[in-house]
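Before any comments, here is the structure.
For reference, positions follow the sequence shown, starting with 1. In this text the structure is predicted, and so the values were computed from the model without any measurement. Every heavy atom of this structure was used, including side-chain atoms; hydrogens, water molecules and symmetry mates were not.
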Amino acid sequence: MTREEAARFEVFYRENFEKLVGYAYRFLKNWDDAKEVTQEAFLTALIRIDRFHASENQQGWIKSAIRKKAQNLNKTKAIRSQAIVSVNETAPFAAEYDRYSNVDTPFAHCA
């Protein structure tokens, strides 16, 4: 990346970061997550700086990256919460499992 590209990117970042955090918040409803996703989108733009600078609509480019990252985070959170619910639903059976887990001989509890 040239110094000129780095300078243009820094100006874009400084001028747009806070507004874009607000944009991300609309999807996530959490300020910390919104900041994180926005930072990740800027990192993606930096990694793909040639594509980013070649874009006719850099604001649209970064918003698209934010939207996709926010959707992925929401999906991940939904999957995690379902997994937690599944574990909590099986918790009543844990006591039954523990009752038989100390048995030295398989099926000894059936005798």
Side-chain angles (χ1 to χ4, degrees):
M1 173 176 10
T2 66
R3 287 184 183 202
E4 181 183 309
E5 287 175 328
R8 284 187 3 224
F9 186 82
E10 184 175 351
V11 167
F12 181 83
Y13 176 88
R14 290 177 189 266
E15 290 177 351
N16 294 285
F17 183 78
E18 291 300 322
K19 290 182 278 188
L20 291 168
V21 169
Y23 177 74
Y25 180 81
R26 290 187 229 164
F27 298 102
L28 299 164
K29 306 298 185 223
N30 178 295
W31 287 110
D32 291 333
D33 288 344
K35 286 179 184 177
E36 182 73 24
V37 162
T38 303
Q39 289 172 347
E40 288 177 14
F42 272 100
L43 180 59
T44 299
L46 193 57
I47 291 168
R48 299 177 178 166
I49 196 72
D50 294 338
R51 290 182 189 174
F52 179 73
H53 283 310
S55 173
E56 291 181 19
N57 182 359
Q58 292 176 342
Q59 187 94 10
W61 194 99
I62 199 96
K63 280 184 173 183
S64 177
I66 288 169
R67 185 176 59 254
K68 289 174 187 173
K69 290 178 183 302
Q71 289 169 342
N72 286 342
L73 181 58
N74 282 334
K75 285 179 189 174
T76 299
K77 284 185 170 190
I79 290 168
R80 284 183 185 156
S81 72
Q82 287 175 352
I84 290 169
V85 168
S86 295
V87 169
N88 289 339
E89 288 173 354
T90 60
F93 302 106
E96 188 70 18
Y97 172 79
D98 287 342
R99 188 172 125 198
Y100 298 114
S101 64
N102 294 328
V103 176
D104 293 332
T105 310
F107 305 109
H109 64 278
C110 296

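- Residues Lys35 and Tyr25 are not in side-chain contact: their nearest non-hydrogen atoms beyond the backbone lie 4.5 Å or more apart.
- Side-chain contact between Asn16 and Ile62 is absent, with no heavy atoms from C-beta onward closer than 4.5 Å.
- No path of Ile, Leu, Val, Met, Phe, Trp and Tyr side chains, each step under 4.5 Å between heavy atoms, connects Leu43 with Leu20, placing them in separate hydrophobic clusters.
- Between Ala34 and Val21, the shortest heavy-atom distance links the atoms CB-O, 3.5 Å.
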Can you give the donor-acceptor pairs under 3.5 Å from side chains of residues 45-55 to other protein atoms, not counting sequence neighbours?
| unit_1 | atom_1 | unit_2 | atom_2 | d |
| --- | --- | --- | --- | --- |
| His53 | ND1 | Arg8 | NH2 | 2.8 |
| His53 | ND1 | Gln58 | NE2 | 3.4 |
| His53 | NE2 | Glu5 | O | 3.4 |
| Ser55 | OG | Asn57 | N | 3.1 |
| Ser55 | OG | Asn57 | O | 3.2 |

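- Lys77 is listed as a side-chain neighbour of Asp33, based on a closest heavy-atom distance under 4.5 Å.
- Thr44 places a side-chain heavy atom less than 4.5 Å from the side chain of Lys69.
- One finds the CD atom of Gln59 at 9.5 Å from the OH atom of Tyr23 (value rounded to the nearest 0.5 Å).
- Judged purely by atom type and a 3.5 angstrom limit, Thr76 uses its side chain to pair as donor or acceptor with the backbone of Asn72.
- In this structure, the side chains of Glu56 and Trp61 stay at 4.5 Å or more apart for every pair of heavy atoms.
- Between Ile66 and Glu40, the closest side-chain pair of non-hydrogen atoms is not below 4.5 Å.
- Considering only heavy atoms from C-beta on, Glu15 stays 4.5 Å or farther from Phe12 through its side chain.
- Note that OH of Tyr13 and CD of Glu18 are 8.0 Å apart. Values are rounded to the nearest 0.5 Å.
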